[in-house]
Amino acid sequence: MIAALRSRLLAHYRRTARDLPFRRTRDPYAIWICEVMAQQTRLQTVLPYWERWMARFPTVRALADAPLGDVLAAWTGLGYYARARSLHAAARIVVDRYVGQLPDDLLLLRALPGIGDYTAGAIASIAFGRRVPAVDGNVARVLCRVFAIDEPSDAPATRRQLWQLAGTLVAPRAAGDFNQALMELGALTCTPRSPSCSRCPLAPLCTAHATGRTAELPRRTPRRPPRALTIDLALITDPRGRWLVGKRAPQGRYGGLWELPELAALQSTAAHLVVDNTPPLAETTHSLTHLALRYRVLSAHLPRLPRAAPPYELLRRIAPRALTQLGVSAATLRLIAMLQTPSWTTAPIAHRSSSAKASRKSSRG
DNA sequence: GACTCGTGGGG
DNA sequence: TCCCCAAGAGT
């Protein structure tokens, strides 16, 4: 069974594997960057970011030497910004402790910030040929179906079981290919809904397929509905057309990124803040996994630059065009575009939601 | 163990 | 339109 699974999977992979740019390198750093970018993010989304990143920060040392602000700017739009902060911190550790060479040991990799069980296994197997498993969402789904695992795939006990199982399956002399093959099978063939069993190399071995249960496996635990949160932002323009912007403290949501300051933060520190009694200049909704944000941009006035106040560690005045070159969130990019686009700002209120496909990809650089 | 942390593609 | 869920990690 194990031998058949390995040989079928590897043969299928070697015949059909996508020609992805990061599969053309064995540079552990390049693979590391790719794996971190791919956390909870589709490969298709990652590709252009990875290409730009490798040109901008070609080596561990280049990354370690760069200011965090440059690193966050390169991450703008990718989400989960703690990944960029961890990557930067880890690069400095690798330079200080390992003379710029990523360690080839699973536990040493696992100890670096931003590298958890999956990423450690992926780097160790793909970049260093170690015989270790790497269980991501794809692998969990494939294994739950092939072995008809009935418990929710994200339950801790199930996850332990899946890692143990994957460990016994990994091909001894082709661990990197084996792990990638399992992931690619989950991404392209054994998909969450309507899997393509007719062209799956594991279908003859798959219990879910044999028993007609591919639709109900893996079992999923229901997700709680997102909490609604309205955040009012201040647009404060000086005579030179610069905007007051804040740099968020490094921890938490959007940590280290720049944005229009939250009204509440300014009110806690600025005595002479005046908020115009007019409709919002722009308004947008922005959905996170567990949060439904609603941003409103209100026109306001402030005679002097206020002290920084949480969640901001810095407040500055800056030209809107320059703001888009700093580390900002996708939501901030969209708000900037709305505030600068005549057809939006001449209307009483500019409305856009994160699901409005027309609002995608503003100008950046 | 339960939460938090982004964004976008696809059904 | 809405919902699901991505080559997860940290607290």
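In what follows, every chain begins at residue 1, and chains take the letters A, B, ... in the order their sequences are listed. If you're wondering where the values come from, they're calculated on a predicted model, not measured in any experiment.
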Legend entry - Presence of salt bridge, A/R219 and A/D150, under 4.0 angstrom: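 No, this pair does not count.
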Inset, instruction - Please determine if A/R223 and A/D154 form a salt bridge, counting it only when a charged side-chain N lies under 4.0 Å from a carboxylate O. - result: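 A/D154 and A/R223: not salt-bridged.
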Using a 4.0 Å heavy-atom cut-off across all strands, classify [X] as base, sugar-phosphate, or nothing.
X	result
A/A330	sugar-phosphate
A/L78	base
A/R18	base
A/R248	nothing
A/T289	base

Inset, instruction - Look at the side chain of A/T119 and the base of C/dG8, then say whether one donor and one acceptor between them are separated by less than 3.5 Å. - result: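 No pair found.
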Inset, instruction - Would you please say whether a donor-acceptor pair under 3.5 Å links the side chains of A/R199 and A/T189? - result: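 Note: A/R199 and A/T189 side chains meet the donor-acceptor criterion.
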Inset, instruction - Report yes or no: do A/S329 and A/E259 form a side-chain donor-acceptor pair below 3.5 Å? - result: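 The criterion, which ignores hydrogens and geometry beyond distance, is not satisfied for A/E259 and A/S329.
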Legend entry - salt bridge (charged side-chain N to carboxylate O under 4.0 Å, His left out) partners of A/E35, counting only residues at least two apart: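 Checked A/E35 against salt bridge (charged side-chain N to carboxylate O under 4.0 Å, His left out); zero matches.
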Spacing of [X] atom [atom1] relative to [N] atom [atom2], expressed in whole Å:
X	N	atom1	atom2	value
A/Y49	C/dA7	OH	C1'	18 Å
A/L335	B/dG6	CG	P	16 Å
A/R253	B/dT7	CZ	P	11 Å
A/R83	C/dA7	CZ	C1'	11 Å
A/Y80	C/dT11	OH	C1'	15 Å
A/L72	B/dT7	CG	P	12 Å
A/L47	C/dA6	CG	P	18 Å
A/R159	C/dG10	CZ	P	13 Å

From C-beta outward on [X], which listed nucleotide comes closest to its side chain: [options]?
X	options	value
A/Y81	B/dG6, C/dA9, C/dA6	B/dG6
A/R110	C/dG8, B/dT7, C/dG10	C/dG10
A/R220	C/dC5, B/dT4, B/dG6	C/dC5
A/R224	B/dC3, B/dG10, B/dT7	B/dC3

Legend entry - Side-chain N,O (A/H286) to OP1/OP2 (B/dG6) below 4.0 Å: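 So the side-chain polar atoms of A/H286 never come under 4.0 Å of the phosphate oxygens OP1 or OP2 of B/dG6.
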Legend entry - side-chain N/O A/R141 vs C/dA6 OP1/OP2, d < 4.0 Å: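 Checking C/dA6 against A/R141, a side-chain N or O does come within under 4.0 Å of OP1 or OP2.
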Legend entry - 5'-most by nearest nucleotide on DNA chain B - A/A155 or A/R227: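 Looking at DNA chain B, the more 5' nearest nucleotide goes with A/A155.
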Legend entry - 5' priority, DNA chain B, between A/L257 and A/A157 [closest heavy atom]: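 That would be A/A157.
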Inset, instruction - On the 0 to 90° scale, with breaks at 30° and 60°, tag the A/H286-A/Y295 ring pair as parallel, tilted or perpendicular. - result: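 A/H286 vs A/Y295 ring planes: tilted.
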Inset, instruction - If the plane angle is over 60° it's perpendicular, under 30° parallel, otherwise tilted; pick one for A/F22 and A/W50. - result: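 A/F22 vs A/W50 ring planes: perpendicular.
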Legend entry - Partners passing side chain to side chain donor-acceptor pair (under 3.5 Å) against A/T41 (at least two apart in sequence or in another chain):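 For A/T41, the residues satisfying side chain to side chain donor-acceptor pair (under 3.5 Å) (neighbours in sequence not counted) are A/R83.
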Legend entry - Nearest-nucleotide 5' precedence on DNA chain C, A/L20 against A/R193: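 Upstream on the strand: A/R193.
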Inset, instruction - Select from A/N138 and A/P113 the residue whose nearest nucleotide in DNA chain C is closer to the 5' end of that strand. - result: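 Comparing both residues, the 5'-ward one is A/N138.
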Legend entry - Strand contacts (DNA chain B) in residues 24-45 of chain A, 4.0 angstrom heavy-atom criterion: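 A/Q40, A/T41, A/R42 - these, ordered by number, are the residues of the stretch whose heavy atoms sit under 4.0 Å from the strand.
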Using a 3.5 Å cut-off and no angle test, enumerate the donor-acceptor pairs between side-chain atoms of residues 181-188 of chain A and protein atoms at least two apart in sequence or in another chain.
{"unit_1": "A/E184", "atom_1": "OE1", "unit_2": "A/R18", "atom_2": "NE", "d": "3.2"}
{"unit_1": "A/E184", "atom_1": "OE1", "unit_2": "A/R18", "atom_2": "NH2", "d": "3.1"}
{"unit_1": "A/E184", "atom_1": "OE1", "unit_2": "A/R23", "atom_2": "NH1", "d": "3.1"}
{"unit_1": "A/E184", "atom_1": "OE1", "unit_2": "A/R23", "atom_2": "NH2", "d": "2.7"}
{"unit_1": "A/E184", "atom_1": "OE2", "unit_2": "A/R18", "atom_2": "N", "d": "2.9"}
{"unit_1": "A/E184", "atom_1": "OE2", "unit_2": "A/R18", "atom_2": "NE", "d": "3.4"}

Inset, instruction - Tell me which residues in residues 167-189 of chain A put a heavy atom below 4.0 Å from DNA chain C, sorted by number, or none. - result: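 Residues of residues 167-189 of chain A under 4.0 Å from DNA chain C: A/M183.
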Inset, instruction - Enter the distance from A/F128:CZ to A/L109:CG here, rounded to the nearest 0.5 Å. - result: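 The distance works out to 6.5 Å.
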Legend entry - Pairwise P distance for B/dT4 and C/dA7, with rounding to whole Å: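 Approximately 24 Å lies between the P atom of B/dT4 and that of C/dA7.
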Legend entry - By side chain to side chain contact (heavy atoms under 4.5 Å, CB included) - contacts of A/D117 (at least two apart):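 Checked A/D117 against side chain to side chain contact (heavy atoms under 4.5 Å, CB included); matches are A/R110, A/W163.
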